[in-house]
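What you are looking at is a predicted structure, and each value in this text was computed from that prediction instead of being measured. Numbering of ligands and ligand atoms starts at 1, following listing order.
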Amino acid sequence: MSEIFTNLPKVKYEGSKSKNPLSFKYYDPDRKILGKTMKEHLPFAMAWWHNLCATGRDMFGPGTADKSFGAEPDTMEHARAKVDAGFEFMEKLGIEYFCFHDVDLVPEADTLAETNRRLDEISDYILEKMKKTGIKCLWGTANMFGHPRFMNGAGSSNSVDVFCHAAGQIKKALDITVKLGGKGYVFWGGREGYETLLNTDMKFEQENIAALMRMAVDYGRSIGFTGDFYIEPKPKEPMKHQYDFDAATAIGFVRQYGLDKDFKMNVEANHATLAGHTFQHDLRVSAMNGMLGSIDANQGDYLLGWDTDEFPFNVYETTLCMYEVLKAGGLKNGGFNFDAKSRRPSYTYEDMFLSFILGMDAFALGLIKAAEIIEDGRIDSFVKERYSSYESELGQKIRSGKATLKELSDIAVKNGAPALPGSGKQEWLESVVNSILFG
Ligand code: XLS
Ligand code: NI
Ligand code: NI
């Protein structure tokens with residue numbers, strides 16, 4: 001097998017002053033931050049679909065990037081070429097993990113049986129490469145949104161035959177994920193939603209999605225899958241309204257259907273912002289519920305209302321993300337999957353490298369700055385102080401659930417009007433963050 005990304009070297013850390021575009025400015029894998037190496041804090045993953053499959057095609061025109069890697073597209077030869085390209089790419093960037101959909105790996109055949117056979121074949125090849133390179137699988141998933149059969153969703157489809165086919169795809173995607181030692185399995189419900197309630201039984205559909213997830217958990221555990229199942233929330237696109245709207249909704253859903261022992265959230269930055277939240281918000285909601293599983297690392301565009309899946313460059317956001325991750329004690333089975341694509345005019349092999357360098361550096365810098373915010377301590381101690389009135393006897397009684405409404409009413413009547421609750425000092429806190437970010 002010959003080199004694919006010729007003239008593109010192994011990317012090394014050179015420091016922030018380096019002008020070499022093909023070097024890391026901040027991502028220094030062995031540098032220690034708060035007792036762990038950057039590499040340990042930031043298990044980066046390559047998304048097979050964007051990096052090895054997507055050509056930049058959009059609604060208005062064809063792709064601009066050639067991802068044939070020297071093979072005839074949509075053949076098994078092409079599938080193998082993508083494996084070769086992917087592993088060379090990950091090795092050169094020092095990326096330790098990858099994520100995949102079933103149909104990213106092989107062209108889908110007319111029958112499930114043949115697609116499954118192709119998946120067996122390609123996963124043997126991937127396994128060989130994994131053994132040679134030490135690169136691992138972060139998570140797998142089944143694409144249950146692309147093919148026309150899924151026009152009304154998979155678990156939520158009105159067709160029992162489509163539901164059954166989805167079950168078949170999930171079973172195989174789980175088999176392959178386990179075969180490759182994947183640490184997670186994702187459900188992104190791209191078409192699990194609706195366009196109009198005039199034709200939709202929402203309760204029926206949600207019960208069916210839960211049943212499909214339950215079957216996936218039972219099967220996964222029966223074949224030795226010990227990792228996490230994830231829901232990846234997203235409010236819309238492609239459907240007008242998607243059931244896994246945001247982390248809070250998805251967490252409510254897994255609890256309602258008794259799936260909360262097995263499921264965590266895979267939080268994607270651009271999905272959180274589409275839901276009208278910050279990235280940090282959905283991370284916090286997941287973390288405070290013990291469900292911060294993994295991260296799809298990308299960024300949206302403030303001027304556009306869709307999932308632009310950009311490589312992240314906004315260090316303010318990556319800093320607040322890493323602040324949440326550090327406070328949550330890190331990601332256990334999860335990682336930072338670049339579910340991101342280079343812009344359509346960035347169509348060269350070199351752009352693939354530059355895109356990952358941008359994203360990895362943005363998270364590395366976010367990590368460095370988040371650690372500084374924590375070590376600085378001003379923000380954490382302000383928040384602690386802000387709630388300090390609850391350290392009183394009265395506060396403790398309320399917090400421990402022992403207070404009654406009548407008793408509090410009596411105290412309130414006796415005390416008279418309370419003092420104002422104290423300044424929130426938002427502007428000062430924001431200036432603290434800026435001074436840490438920019439020195
Ligand atoms: C699309 C999603 C998708 C999932 C995996 O918006 O982000 O790529 O991560 O199915
Ligand atoms: Ni995603
Ligand atoms: Ni997305």
Side-chain angles (χ1 to χ4, degrees), residues 44-54 56-59 97-105 108 137-147 150 153-156 166 169-170 172-174 176-177 182-193 209 212-213 216 228-247 250 263-277 279 282-283 286 292-301 304-312 317 321 331 334-343 355 359 363:
F44 288 126
M46 177 195 76
W48 213 268
W49 53 104
H50 280 314
N51 205 44
L52 303 175
C53 309
R57 180 167 57 93
D58 69 12
M59 260 119 80
Y97 293 92
F98 62 88
C99 300
F100 70 91
H101 299 86
D102 47 1
V103 304
D104 304 334
L105 301 183
E108 197 173 1
C137 172
L138 188 67
W139 54 256
T141 186
N143 178 324
M144 305 194 298
F145 45 86
H147 192 280
F150 294 122
S156 66
Q169 267 186 253
I170 295 171
K172 192 63 187 180
L174 270 165
I176 302 295
T177 302
K183 304 208 289 179
Y185 185 88
V186 164
F187 281 86
W188 170 61
R191 294 201 198 263
E192 311 288 34
I209 294 169
L212 191 56
M213 288 178 173
D228 290 318
F229 287 88
Y230 303 119
I231 286 186
E232 182 179 320
K234 186 177 182 183
K236 57 186 170 191
E237 198 205 338
M239 291 306 243
K240 181 168 81 178
H241 189 110
Q242 283 165 208
Y243 295 134
D244 303 324
F245 192 91
D246 59 2
F263 273 83
K264 290 192 164 92
M265 297 297 117
N266 180 38
V267 177
E268 178 165 319
N270 203 165
H271 297 182
T273 51
L274 275 181
H277 303 307
F279 183 22
D282 259 26
L283 293 166
S286 304
L292 178 54
S294 199
I295 286 176
D296 268 12
N298 65 12
Q299 182 183 313
D301 187 305
L304 302 173
W306 62 90
D307 197 16
T308 58
D309 283 346
E310 290 173 41
F311 276 88
E317 276 180 10
C321 165
L331 303 174
F336 296 80
N337 169 43
F338 286 108
D339 192 353
K341 55 185 183 222
S342 315
R343 298 304 86 189
S355 300
F363 270 90

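Put simply, the side chain of Lys341 does not reach to within 4.5 Å of the side chain of Asn51, judged on heavy atoms. Between Leu174 and Phe229, the closest side-chain pair of non-hydrogen atoms falls below 4.5 Å. Residues Glu232 and Asp296 are in side-chain contact: their nearest non-hydrogen atoms beyond the backbone lie under 4.5 Å apart. Residues Trp139 and Tyr230 are in side-chain contact: their nearest non-hydrogen atoms beyond the backbone lie under 4.5 Å apart.
When ring centroids are compared, His101 and Phe145 come within the 6.0 Å threshold.
A donor-acceptor contact closer than 3.5 angstrom is absent between the side chains of Asp104 and Asn143. Under the 3.5 Å distance criterion, with hydrogens and angles disregarded, a donor-acceptor pair is assigned to the side chains of Trp49 and Asp339. Between the side chains of Glu268 and Asn298, a donor-acceptor pair is found at a separation under 3.5 Å.
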Dump all N/O pairs between ligand 1 and the protein below 3.5 Å as a table: atom names plus distance, one pair per row.
{"from": "ligand 1", "atom 1": "6 (O)", "to": "Lys234", "atom 2": "NZ", "distance (Å)": "3.0"}
{"from": "ligand 1", "atom 1": "6 (O)", "to": "His271", "atom 2": "NE2", "distance (Å)": "3.1"}
{"from": "ligand 1", "atom 1": "6 (O)", "to": "Asp307", "atom 2": "OD2", "distance (Å)": "2.9"}
{"from": "ligand 1", "atom 1": "7 (O)", "to": "Glu232", "atom 2": "OE2", "distance (Å)": "2.7"}
{"from": "ligand 1", "atom 1": "7 (O)", "to": "Glu268", "atom 2": "OE1", "distance (Å)": "2.7"}
{"from": "ligand 1", "atom 1": "7 (O)", "to": "His271", "atom 2": "NE2", "distance (Å)": "3.3"}
{"from": "ligand 1", "atom 1": "7 (O)", "to": "Asp339", "atom 2": "OD2", "distance (Å)": "2.7"}
{"from": "ligand 1", "atom 1": "8 (O)", "to": "Trp49", "atom 2": "NE1", "distance (Å)": "3.3"}
{"from": "ligand 1", "atom 1": "8 (O)", "to": "Asp339", "atom 2": "OD2", "distance (Å)": "3.0"}
{"from": "ligand 1", "atom 1": "9 (O)", "to": "Glu232", "atom 2": "OE1", "distance (Å)": "2.7"}
{"from": "ligand 1", "atom 1": "9 (O)", "to": "Glu232", "atom 2": "OE2", "distance (Å)": "2.9"}
{"from": "ligand 1", "atom 1": "9 (O)", "to": "Asp296", "atom 2": "OD2", "distance (Å)": "2.9"}
{"from": "ligand 1", "atom 1": "9 (O)", "to": "Asp339", "atom 2": "OD2", "distance (Å)": "2.9"}
{"from": "ligand 1", "atom 1": "10 (O)", "to": "His101", "atom 2": "NE2", "distance (Å)": "2.7"}

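Distance alone, capped at 3.5 Å, places no donor-acceptor pair between the Glu310 side chain and the Ala340 backbone.
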Q: Go through Asp102 and Gln169 one step at a time and tell me if the side chain to side chain donor-acceptor pair (under 3.5 Å) criterion holds.
A: CA-CA 8 Å; Asp102 47 1; Gln169 267 186 253; 2.8 Å; yes
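The Ni ion (ligand 3) is closest to atom OD2 of Asp307 (considering only N, O or S atoms).
Residue-and-atom listing of protein N/O/S atoms under 2.8 Å from the Ni ion (ligand 2), sorted by chain and number: Glu232 OE2, Glu268 OE1, Asp296 OD2, Asp339 OD2.
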